[in-house]
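Each chain gets a letter, A, B and so on, in the order its sequence line appears, and its residues count up from 1.
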Amino acid sequence: PKYYCLSMFPYPSGKLHMGHVRNYTIGDVLARYHRMKGYNVMQPMGWDAFGLPAENAALANNVPPAAWTYSNIDAMRKQLQSLGLGIDWAREVTTCKPDYYRWEQWLFTRLFKKGVIYKKTASVNWDPVDQTVLANEQVIDGRGWRSGALVEKRDIPMYFFRITQYAEELLAGLDTLDGWPEQVKTMQRNWIGKSFGVRFAFPYTLDGKNEKLWVYTTRADTIMGVTFVAVAAEHPLATLAAKNNSELAAFIEECKRGGVAEADIATMEKKGMPTGINVIHPLTGEQVPVWVGNYVLMGYGEGAVMAVPAHDERDFGFAKKYTLPIKQAISPRPQAGEGQGGGFTTDQWQDWYANKEYGVCVNSGKYDGLNYDQAVDAIAADLQAKGLGDKKVQFRLRDWGISRQRYWGCPIPIIHCAKCGDVPVPDDQLPVVLPENLVPDGAGSPLAKMPEFYQATCPQCSGAARRETDTMDTFVESSWYYARYASPDYSTGMVDKARAKNWLPVDQYIGGIEHAILHLLYARFFHKLMRDEGLVPGDEPFKNLLTQGMVIAPTFYREQSNGKKLWINPADVDVKTDERGRPVGATLRADGQPVIIGGTEKMSKSKSNGVDPQAIIDQYGADTARLFTMFAAPPDQQLEWNDAGVEGAARFLRRLWSFGVKVGNGGGTAIEAGARQAVRFEIHSVLKQASYDMAKHQFNTVASAAMKMLNAMERLDSVHDEVVKEGLSILLRLLAPITPHISHQMWRDLGYGDSILAAPWPQVDEAALVQDEIELVIQVNGKLRGNLRVAKDADQALLEQLALSHDAVQKLLAGGTAKKIIVVPGRLINVVI
RNA sequence: GCCGGGAUGGCGGAAUUGGUAGACGCGCUGGACUCAAAAUCCAGUGUCUGUAAGGAUGUGAGGGUUCGAGUCCCUCUCCCGGCACCA
């Protein structure tokens with residue numbers, strides 16, 4: 001059987017960091033383990049080579065992003081090799097090379113023709129001083145990172161993937177992914193955000209024309225509580241109203257200030273202003289005022305929302321702030337309202353106001369007394385009868401905008417012709433090659449200033465035309481590299497279908513939890529796009545997913561005279577402890593003066609708490625680095641870096657080595673049968689647990705099992721016995737995936753075979769686990785009171801009798817009788833008194 | 001703000017998924033070896049109390065279910081990840 005083991009490929013930043021070491025060690029452990037289990041393993045590696053950091057480096061050092069990227073790749077490849085990873089380098093993929101991205105361009109043109117890709121305008125962060133588009137990351141406290149200018153929103157045309165067309169399938173597909181962590185699936189479900197609601201219109205008349213203002217709501221049952229409608233600043237109605245209202249125009253301008261990041265918008269103070277326009281409530285016929293609200297997003301739904309202050313917390317706050325009416329439309333049902341503060345008051349928001357399970361309509365005319373489902377049905381039916389709305393399924397997921405006004409990315413293969421419009425570049429003109437010798441200057445893409453690049457001929461009419469100078473979001477490259485690995489050399493198509501069919505899907509995907517939504521959702525989407533092109537088999541790309549935690553380390557700093565903190569690397573600090581080992585202070589080794597102990601945080605340059613993996617590998621070797629990384633925490637949790645812990649891992653490997661030398665020396669006497677049986681029991685019961693842990697990817701306890709085995713064998717009087725030969729053979733194979741170098745060498749030196757890679761995963765001998773006597777725990781009222789050694793097949797009556805006659809139980813019974821005795825076979829006896 | 005996750009000795013973590021809390025490792029304390037130190041080896045190490053045997057207490061806080069709760073339920077606090085242009 002095949003086993004495709006894939007770790008997320010790195011961005012070539014220049015240096016391996018601990019997160020990489022962790023990611024690739026986990027992948028390598030799984031790959032080696034599966035080789036021992038008899039699988040045909042593929043473990044490839046590549047480079048996510050386009051991206052912003054290369055442009056930043058270019059700005060800082062005046063080097064072309066290409067040169068910087070390629071030299072980083074060479075450096076990091078060497079580092080990965082020093083970790084001893086069993087990678088098939090013949091499959092190496094580099095996304096910034098034309099032989100890779102030409103197929104991305106090819107697929108783009110196919111999808112463009114199919115209508116899966118389309119163009120529309122969207123908002124971006126605009127730096128008015130540098131005259132450039134900024135990534136969210138480059139906006140700091142609302143200002144451009146280099147210019148310091150206040151960032152504005154600007155609408156520009158962009159290409160979009162119609163991912164919403166696949167929303168239903170992306171959602172349903174999650175149910176088939178049994179090998180994915182539940183939390184990741186939950187996050188994706190919530191991100192896709194399928195909701196059942198009602199889309200309806202508020203009619204109004206403007207300049208003698210009948211118009212409709214559309215909104216979407218999941219709470220149609222509260223429609224009789226609507227007291228205003230809020231529209232986004234970019235909404236056409238807002239623009240219209242601002243024409244002869246300078247105050248409103250100024251407010252809309254204010255709303256356009258600031259970036260486009262949702263976290264900022266959602267935490268911003270909620271502000272609004274009336275437009276002076278009224279619309280008609282579709283059911284009551286009442287006039288409803290329209291407001292502009294800075295919290296309404298044009299990109300969501302209709303860019304307008306009905307506001308029901310009585311039953312939506314955000315609307316409530318807004319209404320209180322601007323003293324808008326609050327009209328109750330839901331009341332607790334008598335049975336539900338009891339004890340939950342049924343009284344409605346406009347003074348104070350209460351959580352039940354928004355609880356749809358729990359109320360019935362009031363002040364709602366003919367809908368009074370209906371519960372949520374009944375009310376939504378009745379209201380949707382009435383709206384439909386008036387031609388003003390209907391039930392609608394809506395997704396939170398938005399289409400994926402992929403245009404980037406940046407240089408170091410895959411060129412979008414479109415030619416703009418005045419006559420023919422947007423024309424995709426024909427296959428025989430692909431790839432559109434990105435020139436690699438440019439240096440960006442921080443003011444827009446250099447491609448847009450390069451006539452040799454953008455001057456083109458229209459493929460349809462042969463007239464003069466302009467080539468698109470935007471590049472694609474780098475998430476596009478990382479959405480299909482897993483498929484390219486199956487046939488990285490294939491020059492006549494995106495993937496070789498036969499080889500893709502052989503290797504896909506990825507059996508195990510490993511990467512950081514921070515990719516839980518975007519990357520993993522885009523890759524799933526891309527797989528379906530490629531499937532629909534007949535390129536790849538199956539509906540999902542990744543069968544099993546392991547999301548690893550971050551690598552964190554302690555921080556140390558000194559307060560400087562200017563009040564700023566000077567961060568000091570942990571490697572330069574000595575920590576002092578009291579007689580119990582509690583830290584009491586730290587000093588800088590260089591000057592012996594104290595430093596302040598900060599928190600334990602994600603390794604980063606800014607906190608100077610990074611540990612260079614290369615230094616660890618050079619000092620202790622790859623096996624120690626790998627063992628510590630696997631032992632210190634389970635893979636999906638945070639891993640705290642600890643130099644003493646690394647020392648401990650090295651100590652264990654040295655002990656293992658000396659033990660091997662001792663065994664190799666031969667001679668001596670065999671041990672006594674009872675001791676032999678006890679060690680075999682220990683080794684095989686530990687192995688049983690370790691095999692179970694390995695299968696569930698809990699590598700830290702597998703490493704601890706190896707330590708237990710060595711401890712057990714070291715306690716023996718003599719190492720010259722068959723049980724040691726067997727035990728060491730098991731121990732070395734248990735460790736082989738984690739510490740391949742030492743395991744391989746000892747395996748050979750001790751004469752077990754040529755290569756431990758060819759050895760099978762060790763088997764538990766159940767016969768070694770059989771015991772005649774077992775130890776049971778005696779509890780009284782659930783509290784531990786003693787132990788009992790009994791024959792393993794002792795019956796219930798005997799156990800109860802033994803427990804009752806136990807000294808500790810007798811003492812507590814004090815002559816009384818037990819109420820109840822609970823016997824858990826093989827574990828404990830609990831006497832209830 | 002919204003979505004997801006986490007919290008167990010001085011530290012990293014373990015606990016067969018409701019059944020002996022603290023495996024394994026680090027650190028610390030004492031001892032052996034050494035002129036001495038390092039390395040190595042041996043013993044101890046949750047907290048309080050007690051000479052000891054023992055007793056009490058203990059898994060972020062507060063409540064609940066159960067013979068029995070780190071594990072299940074409710075309320076809360078703090079920390080971390082993501083939020084669509086960082087990758």
So if I take every side-chain heavy atom of Gln698(A) and compare against C67(B), G13(B), A15(B), which nucleotide ends up nearest? A15(B)
What contact category does [X] fall into here, base, sugar-phosphate, or nothing, at under 4.0 angstrom with non-hydrogen atoms?
X	answer
Pro634(A)	sugar-phosphate
Thr267(A)	base
Phe475(A)	base
Met158(A)	base
Gly401(A)	sugar-phosphate
Val139(A)	nothing
Leu397(A)	base
Ser403(A)	base

Please enumerate all protein N or O atoms sitting under 3.5 Å from an N or O of nucleotides 16-26 of chain B, with distances to 0.1 Å.
unit_1 : atom_1 : unit_2    : atom_2 : d
U16(B) : O2     : Arg827(A) : NH2    : 2.6
U16(B) : N3     : Arg827(A) : NH1    : 2.7
U16(B) : N3     : Arg827(A) : NH2    : 2.1
U16(B) : O4     : Arg827(A) : NH1    : 2.6
G19(B) : N2     : Gln779(A) : OE1    : 3.4
G19(B) : N2     : Asn830(A) : ND2    : 3.4
A23(B) : O2'    : Lys708(A) : NZ     : 2.9
G25(B) : OP1    : Asn711(A) : ND2    : 3.2
C26(B) : OP1    : Arg651(A) : NH1    : 2.7

Are any of Asn190(A)'s side-chain N or O atoms less than 4.0 Å away from OP1 or OP2 of G4(B)? yes
At less than 4.0 Å, is any side-chain N or O atom of Arg404(A) found next to OP1 or OP2 of C85(B)? Yes or no. yes
Would you please name every residue forming a side chain to side chain donor-acceptor pair (under 3.5 Å) with [X], sequence neighbours left out?
X	result
Lys120(A)	none
Gln405(A)	Asp470(A)
His806(A)	none
Tyr522(A)	none

hbond_proxy Gln405(A) side chain to C85(B) base (donor-acceptor, 3.5 Å cutoff): yes
Taking the [atom1] atom in each of [N] and [M], what is the distance between them to the nearest angstrom?
N	M	atom1	answer
C33(B)	U40(B)	C1'	9 Å
A21(B)	A15(B)	C1'	7 Å
A14(B)	U66(B)	C1'	25 Å
G13(B)	A23(B)	C1'	10 Å
G58(B)	G64(B)	P	14 Å
U57(B)	G70(B)	C1'	16 Å
U17(B)	G1(B)	P	39 Å
C73(B)	U65(B)	C1'	7 Å

Please report the distance, rounded to the nearest Å, between NZ in Lys185(A) and P in G5(B). 13 Å
Grab the CZ-P distance between Arg654(A) and A39(B) for me, whole Å please. 9 Å
Pairwise N/O distances under 3.5 Å, protein to nucleotides 54-61 of chain B:
unit_1 : atom_1 : unit_2    : atom_2 : d
U57(B) : OP2    : Lys783(A) : NZ     : 3.0

Anti/syn call for G9(B), syn if |chi| within 90°: syn
Classified by glycosidic angle (syn within 90° of 0, else anti), U17(B) comes out syn
Excluding sequence neighbours, so at least two apart, what forms salt bridge (charged side-chain N to carboxylate O under 4.0 Å, His left out) with Lys321(A)? Glu269(A)
Taking only residues two or more places apart in sequence, or in another chain, which ones meet Arg22(A) in a salt bridge (charged side-chain N to carboxylate O under 4.0 Å, His left out)? none
Using a cutoff of under 3.5 Å, can you pull out all pairs of nitrogen or oxygen atoms linking the protein to nucleotides 80-83 of chain B, with atom names and distances?
unit_1 : atom_1 : unit_2    : atom_2 : d
C83(B) : O2'    : Glu262(A) : OE1    : 3.3

Report yes if the distance between the aromatic ring centroids of Trp47(A) and Tyr11(A) is under 6.0 Å, otherwise no. no
Are the aromatic ring centres of Phe652(A) and Phe631(A) under 6.0 angstrom apart? no
Please work out whether the ring planes of Phe161(A) and Phe525(A) are parallel, tilted or perpendicular, with thresholds of 30° and 60°. perpendicular
Taking the inter-plane angle between the rings of His519(A) and His515(A) on a 0 to 90° scale, is it parallel (under 30°), tilted (30 to 60°) or perpendicular (over 60°)? perpendicular
Exceeds 12 heavy-atom contacts within 6.0 angstrom, atom NZ of Lys819(A): no
Between Ile402(A) and Met158(A), does the side-chain contact (heavy atoms from CB on, under 4.5 Å) criterion hold? Intermediate values first, please. CA-CA 7 Å; Ile402(A) 53 123; Met158(A) 302 211 316; over 6 Å; no
Can you give the donor-acceptor pairs under 3.5 Å from side chains of residues 699-712 of chain A to other protein atoms, not counting sequence neighbours?
unit_1    : atom_1 : unit_2    : atom_2 : d
Thr701(A) : OG1    : Asp693(A) : OD2    : 2.7
Thr701(A) : OG1    : Gln698(A) : O      : 3.0
Thr701(A) : OG1    : Gln698(A) : NE2    : 3.1
Asn711(A) : OD1    : Arg655(A) : NH2    : 2.5
Asn711(A) : ND2    : Met707(A) : O      : 3.4

Suppose the criterion is side chain to side chain donor-acceptor pair (under 3.5 Å): which pairs have a residue in residues 777-787 of chain A, not counting sequence neighbours? none
Does any donor atom in the side chain of Asp399(A) or Thr164(A) lie under 3.5 Å from an acceptor atom in the other side chain? yes
Decide whether Ser478(A) and Asp48(A) meet the rule of one side-chain donor and one side-chain acceptor closer than 3.5 Å. no
Can you give me the dot-bracket string for RNA chain B, 5' to 3', counting Watson-Crick and G-U wobble pairs with both distances under 3.5 Å, using [ ] for crossing pairs and | for partners on another strand? (((((((..(((......[....)))((((((.......))))))((((....))))..(((((..]....))))))))))))....
